[in-house]
Amino acid sequence: MADKNAMKNKSAMRNKSKVKNKDIAKNKAAGKKKYAVDKTMKQEAEKRTAGKMGKKKYAVDKTVKQEAEKRTIGKMEKKYAVTKAFTEKTDHGKSVKEKKVSGKNTSEKMITKKQNTDMCQYAKKCGGCDYQGLPYEKQLKEKQEYVRKNVGEFCKVLPIIGMEHPYHYRNKVHAVFDIAKGGSVISGVYKAGTHDVVNIDSCRIEDETADAIIRDIRGLLRSFKIKTYDEDTGYGLLRHVLVRRGFHSGEVMVVLVLGSPILPSKNNFVKALRKLHPEITTVVLNVNDKKTSMVLGEKETVIYGKGYIEDTLCGCTFRISPKSFYQVNPVQTEILYTKAIEYAGLTGKERIVDAYCGIGTIGLIAASKAKEVISVELNRDAVRDAVTNAKRNDIKNVQFYNADAGQFMVEMAEYRADQKKNQVSDATKSGKKATPDGNVDVVFMDPPRAGSDEAFLSSVIRLAPKRVVYISCNPETLARDLKYLTKHGYQAKECQPVDLFPWTKHVETVVKLVRKTPDAYIDLKVDMDELDLTASEAKATYEEIKQYILDKYDTKVSNLYIAQVKEKYSIIERENYNKPKSENAKQPQCPPEKVEMIKDALKHFKMI
């Protein structure tokens with residue numbers, strides 16, 4: 001019995017322990033559940049509190065910010081009442097002044113920001129377009145003011161002629177090739193002031209076809225295992241690519257500038273390139289193996305096509321080689337050249353000098369309206385193209401000279417002086433071909449950005465053409481040269497700016513100059529004695545004779561010499577002109593060369 005009771009007690013104890021354990025487990029589970037609920041409730045409460053605090057803080061911050069903005073705007077309107085139109089540097093290296101406007105127009109800042117969002121994606125790195133973010137109308141105003149500031153003191157400046165569609169106008173595109181840090185091939189332009197290449201896929205002012213060709217050449221290099229040239233080490237092959245496209249003809253020339261003369265698989269490369277761009281009409285290899293900043297070298301090899309393209313300008317067809325100078329904006333060039341020929345005032349009887357003629361564009365266009373054209377150019381390739389262009393257009397009244405324009409004009413002026421002094425016949429001087437009589441009616445000048453030099457300008461003065469038409473791409477050097485010309489017998493009549501380079505700081509101008517007539521700059525003092533004239537004297541005064549000789553021969557003569565020649569031809573003179581003051585006094589005699597000049601003047605005025 002005792003054992004049974006003991007067993008019952010043990011069994012009861014076990015059951016009681018199990019119940020207790022179950023209760024503990026239940027309590028633990030309930031505790032966890034309660035903890036989870038409490039935690040969730042706590043998190044929700046925290047979120048609500050944070051939300052309320054956040055809204056309150058946001059509202060406070062917003063209010064503070066608005067109050068600050070109101071105070072700032074109020075101060076700005078009260079103190080300045082201005083907004084900045086723009087602060088970028090202009091083409092002339094000077095900051096543009098802030099534009100004053102009424103307080104109501106403070107929203108102009110927002111407009112400017114909106115315009116800036118339309119800027120080229122490469123603007124900050126490239127630096128080629130000075131007027132990025134500036135509306136085209138404002139660009140034209142800036143250029144107009146630039147020309148007026150430099151040229152306005154000499155003549156009237158007409159309103160600038162802008163482009164209707166100022167995009168993708170450049171028919172000549174150059175790209176430099178390099179390797180990026182990651183090893184990929186890049187092409188584009190040098191970052192302003194450096195030799196770091198900015199990779200450019202497309203440019204807003206460059207011909208779109210040319211950009212596409214350059215991109216595809218970049219893609220072909222890896223498959224043909226062609227390495228780009230490294231300026232630092234001198235290793236590699238492809239340095240630059242130049243693409244020129246005829247605006248009217250559509251012909252396309254691709255120039256591959258290499259560091260060495262051999263292009264591996266050149267025929268297959270051209271075939272692959274033309275498969276992508278069948279519009280390509282010629283491909284030229286140019287070798288530049290020197291460490292230089294010049295793009296093109298001396299040696300060239302045509303590997304496809306004829307080695308040049310042709311295009312039409314002002315009714316004439318022109319041949320364009322890799323090195324030829326040809327304006328990059330054909331649309332605006334036609335406007336510029338048409339104005340230049342208008343300023344020349346051609347009637348079909350004039351002899352023209354086209355200095356800095358390039359491939360002969362201006363001279364050939366003017367040839368149909370002139371008697372004779374003399375064109376001068378230093379670039380040998382351009383002269384070769386110019387001769388071809390004359391034949392291509394069946395123009396026979398043009399002569400081309402491969403020479404420095406300045407030196408050529410100096411020699412021309414010297415030859416003219418020799419002709420007048422020595423009565424040289426239509427021949428050559430020192431084996432050099434010259435104009436028949438040295439006379440020139442019109443001079444076209446189109447110098448580089450540096451302008452002309454004093455030797456050239458002085459030769460223009462000595463040749464004394466009736467009109468000078470000056471085409472310039474730099475208003476500052478134009479002003480300098482106009483100052484010289486206007487001080488030496490010429491008057492600037494009119495200036496026409498033409499925008500050949502939208503989005504950049506550059507502007508082209510053409511100026512008309514005419515030689516002043518004697519009445520325009522000589523004060524004739526008439527003595528009472530002069531009023532008592534003979535029949536012959538009535539045809540010309542001494543001052544008129546002297547001025548005629550100065551204009552034609554660039555030589556001064558005295559009244560005494562004129563009187564001596566008149567006496568030889570029995571033209572009655574008053575005694576004070578040709579008689580010495582005493583019988584024994586020695587009187588200088590007119591030199592033979594001046595006798596001939598005075599005789600010519602007397603014939604001109606029909607006095608003999």
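Fair warning: this is a prediction, and the values are worked out from it, not measured in the lab. FYI, the numbering just counts along the sequence from 1.
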Check your understanding: Checking side chain to side chain contact (heavy atoms under 4.5 Å, CB included) for the pair T281/M253: CA distance, chi angles, key distance, verdict?
Key -> CA-CA 6 Å; T281 54; M253 172 170 58; 5.6 Å; no
Review point. Yes or no on ring-ring contact (aromatic ring centres under 6.0 Å, His included) for Y490 and Y470, after CA distance, side-chain angles and deciding distance?
Key: CA-CA 12 Å; Y490 282 86; Y470 194 137; over 10 Å; no
Point to revise | Audit row: R467, Y343, side chain to side chain contact (heavy atoms under 4.5 Å, CB included) steps and yes/no | key: CA-CA 8 Å; R467 290 173 294 281; Y343 281 168; over 6 Å; no
Practice item. Using the side chain to side chain contact (heavy atoms under 4.5 Å, CB included) rule, take L602 and V565 through it: C-alpha gap first, then chi angles, then the decisive distance, then the call. Key: CA-CA 9 Å; L602 297 178; V565 176; 3.9 Å; yes
Check your understanding: Hey, mind stepping through V328 and L500 against side chain to side chain contact (heavy atoms under 4.5 Å, CB included) and telling me if it holds?
Key -> CA-CA 8 Å; V328 299; L500 264 71; over 6 Å; no
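Between the side chain of S472 and the backbone N or O of N474 there is at least one donor-acceptor pair closer than 3.5 Å. Checking side-chain atoms of D130 against main-chain N and O of K505 turns up a donor-acceptor pair under 3.5 Å. Without hydrogens or angle criteria, Y136 side chain to M163 main chain gives a donor-acceptor distance under 3.5 Å. Of the possible polar contacts, one joining the N286 side chain to the G297 backbone as a donor-acceptor pair under 3.5 Å is found. T282 places a side-chain N or O within donor-acceptor distance of the main-chain N or O of G307, the cut-off being under 3.5 Å. Side-chain N or O atoms of D207 include none that pairs as donor or acceptor with a backbone N or O of V173 at under 3.5 Å. Between the D404 side chain and the L378 main chain, no donor and acceptor come within less than 3.5 Å of each other. A side-chain donor-acceptor contact under 3.5 Å links Q139 to the backbone of W503. Under the 3.5 Å distance criterion, the side-chain polar atoms of E350 are matched with a main-chain donor or acceptor of G348. In terms of modelled atom types and a separation under 3.5 Å, the side chain of Q496 and the main chain of P159 share a donor-acceptor contact.
Between Y548 and H604, the ring planes are parallel. Angles under 30° get that label, and only those over 60° would be called perpendicular.
With a 4.5 Å cut-off on side-chain heavy atoms, T333 and Y326 do not count as touching. Looking at L346 and I352, their side chains come closer than 4.5 Å, going by heavy atoms from C-beta outward. Inter-residue side-chain proximity for P497 and Y146 is flagged as unmet; no heavy-atom pair is nearer than 4.5 Å. Between L482 and L513, the closest side-chain pair of non-hydrogen atoms falls below 4.5 Å. Inter-residue side-chain proximity for E372 and Q399 is flagged as met; some heavy-atom pair is nearer than 4.5 Å. You'll find the side chain of H240 stays beyond 4.5 Å of the side chain of V255, heavy atoms only. A 4.5 Å side-chain heavy-atom check between V147 and V507 finds at least one atom pair inside the cut-off. Using a 4.5 Å heavy-atom threshold, the side chains of V440 and M412 count as touching.
Salt-bridge check for R392 with E310: passed, with a basic side-chain N closer than 4.0 Å to an acidic carboxylate O.
With sequence neighbours excluded, the residues satisfying side chain to side chain contact (heavy atoms under 4.5 Å, CB included) with P330 are N171, F247. Residues meeting the ring-ring contact (aromatic ring centres under 6.0 Å, His included) test with H168, sequence neighbours left out: none. When the side-chain hydrogen bond (donor to acceptor under 3.5 Å, both in side chains) test is applied to S324, the partners found at least two apart in sequence or on another chain are D385.
The stretch residues 326-341 participates, sequence neighbours left out, in these salt bridge (Lys or Arg N to Asp or Glu O under 4.0 Å) pairs: K339-E342. Legend: salt bridge (Lys or Arg N to Asp or Glu O under 4.0 Å) pairs involving residues 480-504, not counting sequence neighbours, sorted by first then second residue: K143-D499.
Partner of E251 under the salt bridge (Lys or Arg N to Asp or Glu O under 4.0 Å) criterion, chosen from K306, R244, R319: K306.
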List, one per line, each side-chain donor-acceptor pair under 3.5 Å for residues 357-369, sequence neighbours excluded.
none

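A distance of 11.0 Å separates NZ of K512 from SG of C155, quoted to the nearest 0.5 Å.
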